[in-house]
Structures are given as structure tokens and as C-alpha cells.
There are 2 protein chains.
Amino acid sequence: MLDRQKVTIQDIADKANVSPSTVSRVLSGNARVVESKQTAVLEAIRELNYRPNIFARGLASGQSMTIGVLTQNISSPIYDAIMWGILQNLKGSGYSPVFADGYWSQEAEKNALHILLDRHADGLIVIGGSSPKEVLIETAKRVPLVVVGREIPEISENCLKMDDFQGGYLATQHLIERGHRQIVNITGILSHDDAVERLEGYKKALKEAGLAVDDQLIVEGGFNEQSGVMAINILMERGRAFSAIFAANDQMAFGARLALYRKGIRVPDDVSIIGYDNQPTSAYMTPPLTTIDQPAVELGEAASFNILQLIKGQAIEKTTFPAKIVMRESVSRLR
Amino acid sequence: MLDRQKVTIQDIADKANVSPSTVSRVLSGNARVVESKQTAVLEAIRELNYRPNIFARGLASGQSMTIGVLTQNISSPIYDAIMWGILQNLKGSGYSPVFADGYWSQEAEKNALHILLDRHADGLIVIGGSSPKEVLIETAKRVPLVVVGREIPEISENCLKMDDFQGGYLATQHLIERGHRQIVNITGILSHDDAVERLEGYKKALKEAGLAVDDQLIVEGGFNEQSGVMAINILMERGRAFSAIFAANDQMAFGARLALYRKGIRVPDDVSIIGYDNQPTSAYMTPPLTTIDQPAVELGEAASFNILQLIKGQAIEKTTFPAKIVMRESVSRLR
DNA sequence: TATTGTTTTGAAAGCGCTTTCAAAATACCT
DNA sequence: AGGTATTTTGAAAGCGCTTTCAAAACAATA
């Protein structure tokens with residue numbers, strides 16, 4: 001194997017007895033090259049183990065052949081699924097992903113956006129995050145952009161979102177159907193749109209069933225386990241009776257389940273729980289957690305499909321991604 | 001805000017009445033520039049909102065000012081902690097991270113490595129993974145390399161690892177100390193070094209306490225929840241009695257805990273469990289899981305510290321990262 | 001003041017590729 | 001066969017920066 005750094009397009013040209021232009025043409029494939037030279041070039045490339053210099057390419061062509069992906073806190077399983085979907089669809093497109101992480105901090109996110117832009121990403125996928133929408137709207141003017149998990153009216157066509165409202169509705173409805181009447185909702189952070197929508201879905205299901213929405217049964221959580229624990233404590237203090245809990249994500253469901261365990265309240269015998277997200281661990285909670293599954297992989301696939309379309313200047317499709325319920329063992333029928 | 005793409009170093013030079021060379025000098029800071037021009041240039045840069053073209057820079061300088069990070073399946077909390085550590089330390093170094101994901105597949109990993117190399121990363125951090133060690137040894141010859149989570153004798157100075165042996169030892173010892181004698185070990189994938197070492201630690205603790213190593217109490221798992229479930233089933237079939245389980249990671253502990261629940265065996269009353277990794281969810285298992293904590297963030301910090309040193313051609317330090325036990329409620333004293 | 005030494009600066013070459021443009025080669029007509 | 005239309009090719013001009021090198025400016029010395 002020869003030095004990867006040193007072999008240039010000129011070397012290939014020499015070896016194949018053609019000009020650099022011709023080599024470039026077989027590399028990019030957007031101009032005809034006579035068969036014999038084509039193979040000679042390919043042969044030379046393989047023999048010398050040539051890899052094009054990405055900087056020279058970027059500089060000359062103005063394209064980076066990368067898609068910037070702005071993520072938040074990569075560790076969340078749901079984001080991971082989205083990323084997986086994105087990667088799947090990017091394969092073989094010629095584009096490769098470049099990541100930058102916002103870590104849910106506006107400062108870091110701004111920084112990450114700059115990094116991506118500086119790297120001349122040909123397209124941008126922004127997953128969630130807390131960037132002011134003005135920033136995103138501005139960004140969308142400069143570069144093809146797909147926003148995942150947020151809905152921004154001004155650039156609605158660029159946004160891809162799960163149906164959180166429907167998910168909240170579904171979860172609550174399931175509980176009602178199982179005979180529950182006093183249903184707690186541990187919400188997400190209510191400054192996040194998705195959290196609000198899940199809450200709205202919850203309310204709708206209640207109303208539709210002729211049940212009153214009782215503020216005393218609603219507690220705002222923080223999308224993490226600890227806030228699930230706290231929510232139960234708050235609920236106990238309030239003293240309002242309840243037989244089921246809808247937590248706006250699985251992590252809070254976990255916390256709630258633990259808090260219940262601590263108080264000697266059995267799940268699902270005494271209290272039922274339904275979560276949201278269907279993260280991998282949830283299937284192994286004790287008892288396995290009934291939850292709402294989001295088509296995260298599909299969402300990711302759609303995101304990269306769309307960004308590719310956008311780059312090509314073609315039309316994009318705005319699909320909706322319906323949530324569905326995954327029944328396991330944390331919900332019982334109330335008699 | 002002016003177009004980011006269009007402003008070049010020449011524009012700055014014109015505006016500040018200097019030559020491009022001078023602008024370049026104040027940008028890089030590695031040559032004196034008289035105060036007045038310095039400020040004029042800085043001023044021009046701000047006014048025109050200039051951002052250097054990263055391709056031109058890379059092409060001219062041969063440096064990318066990036067550190068390639070080859071990860072596996074980003075979603076695992078432990079990897080996330082390592083990454084966090086890496087990022088922390090990279091801040092302000094002038095280098096920014098570029099990620100590529102191996103998804104625990106050799107094929108994908110090879111690909112990812114190529115991407116990173118093609119992008120001319122000035123240094124590489126490889127986290128775990130299943131690349132043949134020859135590949136890594138070769139790579140180390142071309143570019144500064146730090147391998148995290150694997151020990152490769154030939155390039156030992158470049159490797160950073162947690163002390164898995166000690167962790168396995170610690171976990172088992174704790175169980176013994178609490179009076180357990182028949183201790184199960186659900187191991188990790190035994191083709192992974194860390195899994196083997198945890199197992200060895202387990203054996204050592206047993207021997208030290210004068211207990212026999214019973215093969216019937218050892219089950220190979222797959223580092224995921226499902227294999228924890230299966231392990232319990234296998235154990236039940238084998239019919240060997242046990243009072244405690246050491247699972248080589250928390251996910252398998254979860255699976256085991258669920259399987260036990262299914263069989264009506266209580267934790268920790270009937271059987272104690274200790275995990276490994278201290279992933280965030282584990283604190284919220286029912287009961288909260290006693291486990292082994294690894295200094296993942298510190299590991300990550302050390303990794304980026306070392307890669308930076310390597311790039312500068314300076315000496316690196318090879319620290320060891322001791323595991324420690326986190327006692328929660330899944331282990332009981334056996335009377 | 002003349003001379004030498006030291007900074008500070010700009011001109012210009014080049015990093016490795018893409019892409020335009022015109023020349024060369026080939027194909028297709030009549 | 002001669003001419004035209006078409007395809008294939010190479011020369012050469014950049015892309016925007018860094019970096020060498022020598023000239024210009026300034027300081028220091030005799």
C-alpha cells in the first residue's frame with residue numbers, strides 16, 4: 001500500500017497516459033470517456049491506491065459532498081434511531097454525514113451550526129434543539145435544510161415531525177379503554193412543542209370520553225427519570241387519587257415506576273403506567289412498559305431523502321409519521 | 001450579515017489595506033504583525049463577517065485541524081460519556097471533532113476509518129470497535145492515533161483502557177463480602193477483551209475467597225437485555241442453585257432482573273444482582289441497580305489530551321482508570 | 001550620517017482538484 | 001472522397017488559502 005497522501009491525480013494521469021482532466025472525468029462520471037482510457041485510469045487508481053484529496057475537490061468544485069447533521073445529545077435512543085435512518089438513506093448517495101452536537105445548549109448549538117456551515121455542508125439536517133427559529137429560517141435561505149422534530153411555520157415544508165398529538169391521544173385513550181378514569185399526565189418540558197402536543201392529545205382523549213381534565217392530575221416533568229420520581233411525590237402530596245399514569249417519555253415512566261415501588265404501590269396491580277418513546281430498555285422494565293412507539297427510523301430516512309431531494313432541487317414530500325402503541329405489561333384493566 | 005461564501009481573504013486584505021499574506025498571519029497568529037494593521041484586519045474581518053474557507057486552508061496547509069473520532073453505535077450511554085469527555089478537552093484547542101460511526105460492524109468501521117482518513121483528520125481517536133488490530137497498527141503509522149477501550153500490545157502507548165479486570169474483581173468481591181457463595185457470572189461477548197477481563201476479575205475474586213469457579217454458573221451473554229433474559233433461562237435449566245448474579249453490563253442485568261420477575265424470584269430478597277457500567281437508567285431500575293462505575297468522562301478527556309500531545313509531538317501519559325462500585329439496592333446480605 | 005542588523009511586509013508560487021474552452025479525433029452525411 | 005456534426009481530449013485557468021523569499025521599513029550601532 002503506497003502513501004495515501006502523496007498520490008495525486010497527476011500521477012494517475014501519467015500512469016494511464018491521459019490528462020488530469022480525463023481522470024477527473026472518470027472519477028466524477030459526468031462526461032464520456034472512451035472505454036480503453038476508462039479502464040486504464042481505473043487500473044492506475046487501484047494500483048497506486050489513489051484517494052482524491054477532499055480539500056482540493058471542495059475548493060475547486062465548491063461542493064463538499066457532505067450532509068451536516070446537527071444533533072442533540074447523541075445518547076438518547078430515539079435520536080439514535082433517527083440517525084440510523086438518516087445514515088441508511090445516505091449510503092450510496094455519494095454524500096457522507098458530518099456530525100456536530102448541540103448538547104441541548106443554545107450556545108453549543110450555535111457553535112455546531114457554524115462548524116457545519118464552515119465545513120460547507122451541502123445540506124443540513126437539524127434534529128430537535130433549541131435554536132431560535134429565526135436562525136433556522138435564515139439558515140434555510142443559505143443552504144438546503146431539513147428540520148426534524150420541530151414544526152416551524154415559516155419553513156413548514158422543510159420540517160419533519162412525529163405526530164405527538166396523536167401519540168398523546170393514543171396513550172390516554174388506551175388507558176381509558178382499560179377502564180381508567182383518574183389518569184395522571186406527567187408531561188415533558190412544556191417549553192418544548194412535542195411535550196405540549198402530547199399533553200393536548202391527552203386532554204382531547206379525556207374530553208372525548210366525557211372525562212374532566214383535572215389540573216391536579218397533571219405534573220410537569222423534565223423528560224428525565226428523576227422528574228418521574230418527583231412527579232409521584234408531588235402527586236402523593238396533592239392527595240388526589242389516580243389509577244393510571246401517562247408519562248410523556250419512558251425515562252419519566254421509569255422514575256415514576258421506581259417511586260411507586262418505594263411506596264409499596266404495585267405496577268400494574270395498583271397503578272398502571274404507559275410511557276412514550278419505546279426506548280429499547282423499556283421492554284425490560286419490570287414489568288415491561290407499555291408505551292408509544294415512534295417511527296424514528298422512518299423519520300430519519302425521510303429526512304435524508306428530503307435533504308437529497310432539496311440538494312438536487314427536486315420536490316420533497318411531507319409525510320406524517322403516526323405513532324403507535326406497544327402493549328406490554330404495565331397497564332391493567334381496571335374493574 | 002453578508003454572504004458567508006463570498007468574502008475571501010483578498011477582500012479583507014483590500015479593506016484593511018494590507019496583503020493577503022498579512023491577513024493570513026493575523027489569522028494564524030504565527031508571525032508578528034504591527035499593531036495597527038492587526039486591528040485593521042480584525043476590524044475588517046468582523047465587518048465583512050469573514051470565515052476562512054476550510055478547503056483552501058486544508059489544501060494549502062495540509063492540515064485539517066480536525067480530530068477524527070471513530071465511534072461505535074453512538075447511543076450507548078457509556079460511549080456518550082467518553083465522547084463528552086473528548087469534546088470537553090477539545091474545546092479551545094483549535095481542533096474540532098469529526099465523527100464517523102462503525103456501528104459495531106467491521107465493514108462499516110473500515111468505511112468509517114476511510115472517511116476519517118480521507119478527510120485528513122490530523123489525529124484519530126478510535127473508540128472500541130472490532131477493527132483487526134493490524135489495521136490499527138498500520139493506521140498508527142500514518143497518523144497520530146489513540147485507541148480507547150482496547151489494549152493492543154504493539155501500540156500499547158496509544159491505548160487507553162478502563163481496568164475491566166479490577167471492575168470484575170470488585171463486583172464479585174462485593175457479592176462475596178455480602179455473604180454470597182454461589183455467584184453467577186453473565187459475561188459479555190467473549191471475543192471482546194473487556195468481557196474476558198471482567199470474567200477474569202470474577203474468577204480471581206472467587207479464588208481469593210477460597211471459592212471454586214463453577215462453569216455451570218458462567219453464561220456467555222451478548223451485552224444486551226435479551227441475553228440477560230436468556231441467561232436466566234439457561235441457568236434455571238441447568239438447575240444449579242445461586243444467590244447472586246454479576247452481569248457484565250447493566251443491560252444484561254436488566255434482562256436478568258426481568259426474567260427473575262417473571263419467575264417470581266424477588267430481587268434482592270431471593271437473588272442479588274450487580275451490573276456493570278452504571279448507565280443512567282440503572283439508578284431507576286426497580287430496585288435501583290448496584291453496579292460498577294467506570295470513569296468514562298475522564299477516559300475521554302485523557303484520550304483527547306493524548307491525541308493533542310501526539311499531534312504536537314509531545315510525550316503522552318498512560319494513566320489507568322480504576323472502576324469503582326456504586327452501591328444501590330439490588331444486592332442484599334445473605335444470612 | 002553611513003552602515004549593519006532586525007522586523008515587518010508583499011509578491012508569487014503552489015496545494016490538488018474541477019471545469020471551461022478550443023483543438024483533435026471520430027462519426028455521419030451527401 | 002470531402003465536408004460537416006459530434007464526441008473525446010488536453011491545456012490552462014482558477015478555487016482561496018499558506019508559506020517561502022526577498023524587498024522594504026525601521027532600529028541600532030559605529
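Because the structure is predicted, anything quoted here is derived from the model rather than measured. The sequence lines fix the lettering, A, B, ..., with proteins before strands; numbering per chain opens at 1.
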Rounded to the nearest Å, what distance is computed from the [atom1] atom of residue [X] to the [atom2] atom of nucleotide [N]?
{"X": "A:R51", "N": "C:dC17", "atom1": "CZ", "atom2": "P", "answer": "12 Å"}
{"X": "A:I12", "N": "C:dT18", "atom1": "CD1", "atom2": "P", "answer": "12 Å"}
{"X": "B:I54", "N": "D:dC17", "atom1": "CD1", "atom2": "P", "answer": "11 Å"}
{"X": "B:F55", "N": "D:dG14", "atom1": "CZ", "atom2": "P", "answer": "21 Å"}
{"X": "B:I9", "N": "C:dG14", "atom1": "CD1", "atom2": "C1'", "answer": "15 Å"}
{"X": "B:R25", "N": "D:dT19", "atom1": "CZ", "atom2": "C1'", "answer": "8 Å"}
{"X": "A:Q63", "N": "C:dC17", "atom1": "CD", "atom2": "P", "answer": "17 Å"}
{"X": "B:M65", "N": "D:dC17", "atom1": "CE", "atom2": "C1'", "answer": "15 Å"}

The answer to which of B:R32 and B:L59 contacts DNA chain C further toward the 5' end, by nearest nucleotide, is B:R32
5'-most by nearest nucleotide on DNA chain C - A:L27 or B:A56:
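Nearest-nucleotide comparison on DNA chain C picks B:A56.
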Looking at every strand, decide which applies to [X] at a 4.0 Å heavy-atom threshold: base, sugar-phosphate, or nothing.
{"X": "B:V23", "answer": "nothing"}
{"X": "B:V18", "answer": "sugar-phosphate"}
{"X": "A:S21", "answer": "base"}

Can you tell me if [X] touches the phosphate of [N], counting only side-chain N or O atoms and a distance under 4.0 Å to OP1 or OP2?
{"X": "A:K37", "N": "D:dT8", "value": "no"}
{"X": "B:S19", "N": "C:dG10", "value": "yes"}
{"X": "A:S24", "N": "C:dC17", "value": "no"}

Practice problem: Mark yes or no for whether B:S93, through its side chain, and B:L90, through its backbone, hold a donor-acceptor pair below 3.5 Å. | Solution: yes
Next on the checklist: Side chains of A:I127 and A:L70, heavy atoms from C-beta outward: is any pair under 4.5 Å?
Outcome noted: no
Between A:K110 and A:E107, is there a side-chain N and carboxylate O pair less than 4.0 Å apart?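 Answer for the salt bridge query: no.
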Handout entry: Side-chain ion pair, A:E47 and A:K15, N-O less than 4.0 Å
Key =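 The answer is yes: the pair qualifies as a salt bridge.
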Practice prompt. Would you check if there is a donor-acceptor pair between the side chains of A:R150 and A:H192 at a distance under 3.5 Å?
Written response: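 Short answer, no.
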